[in-house]
Structures are given as structure tokens and as C-alpha cells.
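The analysis underlying the following values was restricted to heavy atoms, covering all of them including side chains, and did not include hydrogens, waters or symmetry mates.
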Amino acid sequence: YRITPSTPLAIDVAACLAADGHEDAAAEWLTVAARIADADQSSETLLLLALKNDDEFYRLRERDDIRRLTTLLAATRRSS
């Protein structure tokens, strides 16, 4: 991951961590995914769709940090 950062990979790691109950670590990986996605609109879209729809993230959707991240991604999409 250090050699080739990737939003899809960060999302997958976050999903695995969330599925195992490691919500804090999953939230950190989602934040990393958002930082990487900044340069790529399709990655932002992928991350937003994952946050809104992936079953692994259902508990994370109630967290303030993830709500802010989702709101920011949605606003970025609207302004593009």
C-alpha cells in the first residue's frame, strides 16, 4: 500500500476491519481513502457509494467523523 496507494484497496481494508468490529481502525482507513481520492473524482464516487451502501459500514454511518466525511464527499460531487 505504501508503494501504490489506492482508494479501492483502502476501502477494502476498512470493510474487513469494520466486519471484524474494529470500527476505529476502519474509520481511519476510510479517512485515508478520502485523502487519496481527492485527486480522482471516480475514486471519490466509489468511496461515497461504499460509505452509503456497503453493509460493512452500517455501524460507521452513525459516527460523527464518518457523517462529516460523507457530507464532504457528497458536497464535492455536487460542486463538480
Side-chain angles (χ1 to χ4, degrees):
Y1 183 83
R2 287 181 191 174
I3 295 169
T4 309
S6 153
T7 297
L9 179 58
I11 293 168
D12 287 345
V13 170
C16 291
L17 288 165
D20 283 342
H22 302 285
E23 284 122 11
D24 290 337
E28 289 178 29
W29 275 94
L30 290 169
T31 301
V32 167
R35 273 191 235 125
I36 296 165
D38 279 346
D40 180 10
Q41 188 173 2
S42 64
S43 292
E44 286 182 346
T45 300
L46 178 66
L47 178 55
L48 184 59
L49 289 172
L51 285 168
K52 288 185 171 186
N53 299 313
D54 287 6
D55 291 339
E56 294 86 359
F57 300 136
Y58 77 94
R59 286 184 295 212
L60 294 178
R61 290 184 195 112
E62 298 303 315
R63 291 174 56 118
D64 288 337
D65 55 343
I66 299 303
R67 278 193 205 141
R68 283 190 300 272
L69 180 59
T70 303
T71 301
L72 179 66
L73 289 167
T76 302
R77 268 187 87 206
R78 281 193 293 269
S79 67
S80 302

If you measure from CD1 on Ile11 to CG on Leu47, what distance do you get to the nearest 0.5 Å? 4.5 Å

List the atom of Ala34, the atom of Leu69, and the distance in Å for their closest heavy-atom pair. CB-CD1, 3.3 Å

Counting only N and O atoms by type, is there a donor-acceptor contact under 3.5 Å from the side chain of Arg61 to the main-chain atoms of Thr70? no

Ionic contact status for Arg67 with Asp64, cut-off 4.0 Å: yes

With Arg68 as partner, the option from Ile66, Asp65, Thr71 fulfilling side chain to side chain contact (heavy atoms under 4.5 Å, CB included) is Asp65

Contact summary for Phe57 and Leu30, nearest pair of heavy atoms: CZ-CD2, 3.8 Å

Ring pair (Phe, Tyr, Trp, His ring centres under 6.0 Å) pairs touching residues 8-36, sequence neighbours excluded, are Tyr1-Trp29

Exercise: identify the closest heavy-atom pair between Ala18 and Ala26: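 Smallest interatomic distance, heavy atoms only, reads N-CB, 3.7 Å.
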
Non-hydrogen side-chain atoms of Ser43 and Ile36 separated by less than 4.5 Å: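 They are not in contact (no side-chain heavy atoms under 4.5 Å apart), so the answer is no.
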
So Val13 and Glu28, do their side chains get closer than 4.5 Å, heavy atoms only?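 In short, these two side chains do not touch, never coming nearer than 4.5 Å.
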
Could you walk me through whether Glu23 and Arg59 satisfy the salt bridge (charged side-chain N to carboxylate O under 4.0 Å, His left out) test, starting with their C-alpha distance in whole Å, then the side-chain angles of each, then the deciding distance to 0.1 Å, before giving a yes or no? CA-CA 8 Å; Glu23 284 122 11; Arg59 286 184 295 212; 2.9 Å; yes

Side chain to side chain contact (heavy atoms under 4.5 Å, CB included) assessment of Glu44 paired with Leu72: CA-CA 10 Å; Glu44 286 182 346; Leu72 179 66; over 6 Å; no

